[in-house]
Amino acid sequence: MTMHVRKLLTVVTEAGLERRLVEDLRQLGARGWTITDARGQGHRGKRALDWEYEGNIRLEVICEESLAERLASHFREHYYQDYAMILFLQDVEVLRPEKF
Amino acid sequence: MTMHVRKLLTVVTEAGLERRLVEDLRQLGARGWTITDARGQGHRGKRALDWEYEGNIRLEVICEESLAERLASHFREHYYQDYAMILFLQDVEVLRPEKF
Amino acid sequence: MTMHVRKLLTVVTEAGLERRLVEDLRQLGARGWTITDARGQGHRGKRALDWEYEGNIRLEVICEESLAERLASHFREHYYQDYAMILFLQDVEVLRPEKF
């Protein structure tokens with residue numbers, strides 16, 4: 001079974017951003033994504049306030065490393081200052097690289 | 001703390017497949033799995049249609065590499081053509097290898 | 001884009017433990033976490049019973065390796081014997097290490 005390495009980008013943020021993030025994903029060229037509802041606690045942007053509430057989402061995108069970095073940069077520029085958001089990257093192995 | 005390496009297999013697919021996938025997991029020898037509800041968008045099998053809807057699931061199984069590959073092969077053979085499904089593999093460290 | 005490596009600790013356990021785990025996370029110094037509702041099946045501690053039910057949670061914490069190991073040790077000591085719980089560790093890349 002031949003596997004191919006891609007990047008998994010995971011973003012945890014406020015549920016109210018879902019529509020905007022999906023639009024960003026489309027415009028930047030992501031071919032698929034998965035969203036689950038989440039809750040949690042963290043530290044909020046420059047406002048330095050803690051946040052803790054139900055209305056979070058956990059968004060996953062698998063793609064080539066270059067697109068993962070463009071997405072991460074885009075999210076950082078547009079949302080880090082004003083929204084609760086964390087993101088992290090991992091390598092994953094996939095079967096059908098043409099899908100990602 | 002001694003950690004052991006296992007494979008984490010993640011499958012994102014249509015919620016209607018949950019019962020069949022769980023049956024597959026049992027028959028192929030998986031000892032545990034985790035399922036969360038998800039939504040998202042992707043590219044659907046050979047029909048080449050985009051899919052986007054609420055009723056997805058995200059299934060995780062941690063197991064030995066050989067079983068992870070058998071599961072991935074089985075899912076590919078039985079579901080890739082007719083269902084929306086992606087899967088990916090990662091290494092994870094576990095404390096109690098006998099559970100996986 | 002400069003990325004920094006941190007540990008992602010994922011815990012899947014009974015939903016009834018959520019409040020206690022969050023208190024543990026606070027006391028041991030975690031700065032953020034994400035929780036999603038999950039279901040699944042596994043093998044339950046020393047009682048050697050299978051468990052399968054809706055009421056699971058999937059908890060994620062990103063932090064320095066030393067804290068991830070303290071958390072894993074703490075959970076093992078306090079919950080492994082009496083509760084259904086699995087946990088696993090992975091390396092992840094993050095943008096803002098000061099948040100974790």
Side-chain angles (χ1 to χ4, degrees), chain A residues 1-40 54-65 67-68 71 75 87-100, chain B residues 5-15 34-81 83-93:
Chain A
M1 198 165 57
T2 306
M3 305 299 287
H4 305 263
V5 175
R6 288 293 179 275
K7 281 288 178 187
L8 168 63
L9 168 66
T10 304
V11 182
V12 180
T13 191
E14 305 173 23
L17 282 180
E18 180 169 334
R19 195 179 295 264
R20 286 178 64 184
L21 296 182
V22 166
E23 190 53 38
D24 291 340
L25 291 168
R26 283 207 185 94
Q27 295 205 348
L28 291 165
R31 304 197 59 194
W33 48 85
T34 301
I35 296 169
T36 51
D37 294 316
R39 56 194 176 274
E54 290 289 314
N56 286 358
I57 53 170
R58 184 182 186 281
L59 164 69
E60 290 176 303
V61 190
I62 296 175
C63 56
E64 297 199 12
E65 181 165 8
L67 177 55
L71 291 168
F75 293 157
L87 64 82
F88 54 93
L89 291 163
Q90 292 169 277
D91 286 331
V92 297
E93 300 162 78
V94 302
L95 273 173
R96 297 181 292 180
E98 74 279 3
K99 288 183 70 80
F100 301 105
Chain B
V5 175
R6 288 293 180 274
K7 281 286 178 190
L8 168 62
L9 169 66
T10 303
V11 182
V12 180
T13 192
E14 305 173 23
T34 301
I35 296 169
T36 51
D37 294 316
R39 57 191 175 276
Q41 181 164 345
H43 206 69
R44 185 192 178 96
K46 282 193 177 167
R47 296 186 206 155
L49 297 173
D50 283 331
W51 44 284
E52 176 178 17
Y53 52 96
E54 290 289 314
N56 287 356
I57 54 170
R58 185 182 185 280
L59 164 70
E60 291 175 303
V61 190
I62 297 174
C63 55
E64 296 198 13
E65 182 166 6
S66 57
L67 177 54
E69 295 197 347
R70 280 202 304 281
L71 291 168
S73 292
H74 181 91
F75 294 157
R76 180 180 53 179
E77 272 173 45
H78 289 81
Y79 305 113
Y80 268 23
Q81 185 164 342
Y83 296 94
M85 178 180 284
I86 65 161
L87 63 81
F88 54 94
L89 292 162
Q90 292 169 278
D91 286 330
V92 297
E93 301 162 77

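First the proteins, then the strands, lettered A, B, ... as listed; each starts at 1.
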- Query: Which bit of B:Thr36 is near chain A, if near means a heavy-atom gap under 4.5 Å: side chain, backbone, both or neither?
  - Reply: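 Only the side chain of B:Thr36 comes within 4.5 Å of chain A.
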
[Y] and [X], any side-chain heavy atoms less than 4.5 Å apart:
X: A:Arg31; Y: B:Gln41; value: no
X: A:Met3; Y: B:Phe88; value: no
X: B:Ile86; Y: A:Val94; value: no
X: A:Asp37; Y: B:Arg39; value: yes

- Can you see which heavy atom on B:Gln90 is nearest to which on A:Asp91, and at what distance? CG-O, 3.8 Å

- Of all heavy-atom pairs linking B:Ala38 and A:Thr34, the shortest is CB-CG2, 3.7 Å

- Can you tell which part of A:Leu25 gets under 4.5 Å to a heavy atom of chain B, answering side chain, backbone, both or neither? neither

- Message: Under 4.5 Å from any heavy atom of chain B, what part of A:Leu8 do you find: side chain, backbone, both or neither?
- Response: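 For A:Leu8, side-chain heavy atoms alone lie under 4.5 Å from chain B.
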
- Could you state the interatomic distance from CZ (B:Arg58) to CZ (A:Arg58), rounded to the nearest 0.5 Å?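 One gets 4.5 Å once the value is rounded to the nearest 0.5 Å.
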
- Query: What distance separates B:Glu69 CD from A:Glu93 CD, expressed to the nearest 0.5 Å?
  - Reply: 8.0 Å

